[in-house]
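Just below is one structure, and these are the notes that go with it.
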Amino acid sequence: MFDTLSDRLAATFKNLRGKGRLSEADIDATAREIRIALLEADVALPVVRAFIKQVKERATGAEVSQALNPAQQVVKIVNEELVGILGGETRRLRFAKNPPTVIMLAGLQGAGKTTLAGKLGRWLTSQGHAPLLVACDLQRPNAVNQLSVVAERAGVAIFAPEPGNGVGDPVKVAEDSVVHARDKQHDVVIVDTAGRLGIDEELMRQAADIRDAVRPDEVLFVVDAMIGQDAVTTAEAFQDGVGFDGVVLSKLDGDARGGAALSVAQVTGKQVMFASNGEKLDDFDAFHPDRMASRILGMGDMLTLIEKAEQTFDQQEAEKMAAKLAKGPKEFTLDDFLAQMEQVRKMGSISKLLGMMPGMGQMKDQINNIDERDVDRTAAIIKSMTPGERAEPTLINGSRRARIARGSGVDVSAVKNLVERFFEARKMMSKMAQGGGMPGMPGMPGMPGAGGGRKKGKQQKKAKGKRQSGNPMKRKQDEQAAAQRRAEGGQSGAFGLPGAGEGAGDFELPQEFKNMLPPK
């Protein structure tokens with residue numbers, strides 16, 4: 001959704017690189033480009049004005065003029081201001097002191113409330129709660145049936161005493177659901193309310209009646225992130241008519257311009273709490289303003305990637321795999337390779353996972369062209385092998401490759417390429433597990449075998465330092481002289497660099513750093 005905005009901002013910041021000092025004209029040109037990028041992304045005009053004003057004020061101050069790298073400082077300022085308009089800190093759900101916690105979903109028809117109810121229920125279940133979905137949309141045809149299907153897929157209980165399709169009292173259903181939740185020991189109640197194609201009096205009255213009947217702990221306004229400025233207008237109308245505590249953005253995976261996401265928190269004063277970015281029930285998570293700003297600026301989202309990995313990968317299995325790799329490359333088989341690949345697949349779309357990595361914004365076209373079915377083809381090839389071939393791929397000769405290709409429905413070349421890639425991957429993973437790091441790079445300190453790739457039989461030489469005298473009297477004189485020099489010259493500067501004291505006259509900045517400093 002934010003691809004166009006990200007590309008425009010990246011091009012703007014690229015023009016600043018290599019400049020040791022930013023003039024007022026540079027800052028004005030940068031602010032103008034950022035303003036155009038935000039307006040093209042359909043961000044509300046008042047939000048754009050406030051954002052640009054704040055960025056210019058900070059960029060023209062000492063914060064940038066005295067920075068070692070002014071261009072990076074401007075990116076830092078834009079990042080911080082983006083976090084601000086996206087809501088600042090992450091807003092968490094408020095749970096009732098005495099269960100059940102009642103969460104009411106409100107919004108227009110088509111915003112995705114019913115599907116989002118299932119996603120929220122599944123997410124709460126993963127957090128250790130026992131949610132109950134309540135079907136209070138009794139107007140829309142098949143709305144109750146849809147919620148029942150979603151609840152079953154999500155593995156969440158549902159309360160739907162009325163058939164819907166115009167039959168039943170939604171206010172009474174909402175009231176009865178709280179009693180039912182207490183009896184069945186559900187600690188969270190998610191009320192799915194009816195929507196309309198547009199704001200009208202009947203919609204507001206019904207939503208207000210349900211709110212007054214169940215007194216929800218959280219009223220979440222569900223907004224379609226693809227409808228642009230209408231999202232802000234609708235949010236303001238709901239804020240005045242019913243009131244809400246937080247915003248949920250749906251359809252963030254769409255190709256619209258995304259201005260709603262950047263505007264709604266600033267305009268309404270209510271933070272975005274959750275975001276839905278796909279059709280699957282797992283494509284849902286808490287909204288983190290700092291991570292979203294990082295994605296928009298092309299800096300990736302490693303924290304979310306790590307969280308997904310922690311939720312998907314089994315810790316004991318990971319430790320077993322690491323121990324196996326540390327023993328040697330031959331211990332890692334194609335069965336292990338398939339198991340690891342399937343674990344990664346459980347984390348979600350490969351394209352989305354790669355998009356969370358820093359620096360991948362420059363490879364959008366390649367990432368978008370990734371065929372997710374390649375993982376299935378690779379799995380089919382491995383499963384077409386015998387147990388012996390998976391354990392020892394060196395057995396796979398020409399005739400075996402032909403048999404495997406027929407069994408998996410691929411070309412012989414695909415089988416050959418897979419085996420070759422497996423050998424390379426196994427070698428690299430084994431090297432990393434043993435502390436060798438990436439090929440051509442030294443191992444990480446503290447890892448087994450870490451030693452910068454030194455050869456066997458050769459001992460690493462100790463770094464030479466200033467030799468101390470073997471004579472105690474002479475050594476004491478040297479120490480006293482060094483202490484006196486430190487007292488006369490002062491202490492070292494920041495980061496251990498010589499200050500005005502010992503060695504200060506010999507210290508000089510490298511030419512590369514001098515080029516980045518503003519002229520005197």
Side-chain angles (χ1 to χ4, degrees), residues 153 253 277-283 305 308-309 311-357 359-360 362-434 436-441:
R153 286 174 53 209
D253 57 324
N277 59 357
E279 296 179 1
K280 296 180 180 178
L281 290 173
D282 292 326
D283 294 332
L305 191 59
K308 282 183 176 290
Q311 292 168 8
T312 305
F313 284 87
D314 182 81
Q315 184 66 25
Q316 292 182 345
E317 287 297 321
E319 289 174 358
K320 285 181 184 177
M321 194 64 65
K324 184 179 285 191
L325 284 165
K327 289 179 182 178
K330 290 187 177 180
E331 295 291 324
F332 187 72
T333 68
L334 276 165
D335 281 321
D336 299 323
F337 182 68
L338 178 62
Q340 292 292 301
M341 192 171 60
E342 288 176 343
Q343 288 286 339
V344 172
R345 186 65 183 270
K346 287 179 184 177
M347 290 172 63
S349 164
I350 304 295
S351 301
K352 288 181 181 177
L353 295 177
L354 288 173
M356 292 180 190
M357 298 181 69
M360 286 296 175
Q362 301 172 5
M363 303 175 64
K364 283 195 187 91
D365 293 337
Q366 294 94 316
I367 291 174
N368 291 334
N369 289 330
I370 291 176
D371 189 351
E372 301 286 341
R373 292 172 297 180
D374 282 341
V375 178
D376 298 327
R377 294 189 189 100
T378 301
I381 294 172
I382 296 174
K383 289 176 181 178
S384 297
M385 299 176 184
T386 64
E389 290 167 346
R390 292 182 214 167
E392 188 50 69
T394 53
L395 296 174
I396 302 175
N397 54 22
S399 60
R400 289 175 185 257
R401 279 198 294 267
R403 190 202 76 243
I404 295 167
R406 287 195 301 271
S408 55
V410 299
D411 295 331
V412 175
S413 60
V415 180
K416 181 182 178 183
N417 291 336
L418 169 63
V419 174
E420 289 175 352
R421 291 203 314 269
F422 168 73
F423 284 136
E424 289 296 321
R426 185 168 72 173
K427 190 186 302 181
M428 184 183 72
M429 292 170 72
S430 180
K431 187 174 179 62
M432 292 175 68
Q434 293 173 14
M438 293 295 287
M441 295 178 65

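These figures come from a predicted structure and were not determined experimentally. Along the sequence shown, residues carry numbers from 1.
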Sub-3.5 Å donor-acceptor pair from the side chain of Arg390 to the main-chain atoms of Thr333, do we have one? no

Return the minimal non-hydrogen interatomic distance between Leu395 and Gly388, and the atom names on each side. CD1-O, 3.8 Å

Side chain proximity check, Glu389 to Val419, heavy atoms < 4.5 angstrom: no

Could you grab the distance from atom CG of Leu334 to atom CD of Glu392, nearest 0.5 Å is fine? 9.5 Å

If you compare all heavy atoms of Ala380 against all heavy atoms of Ser384, which two are closest, and at what distance to 0.1 Å? O-OG, 2.8 Å

Any chance you could measure Ser408, atom OG, to Arg377, atom CZ, to the nearest 0.5 Å? 11.0 Å

Taking atom CG of Asp336 and atom CZ of Phe422, what is their separation to the nearest 0.5 Å? 7.5 Å

Of the options Thr386, Leu418, Ile382, Ile381, which is the one that meets Ile404 in a side chain to side chain contact (heavy atoms under 4.5 Å, CB included)? Ile381

Heavy-atom check, side chain of Thr378 versus side chain of Arg421, under 4.5 Å: yes

Straight-line distance of Arg401 CZ to Arg406 CZ, nearest 0.5 Å: 13.0 Å

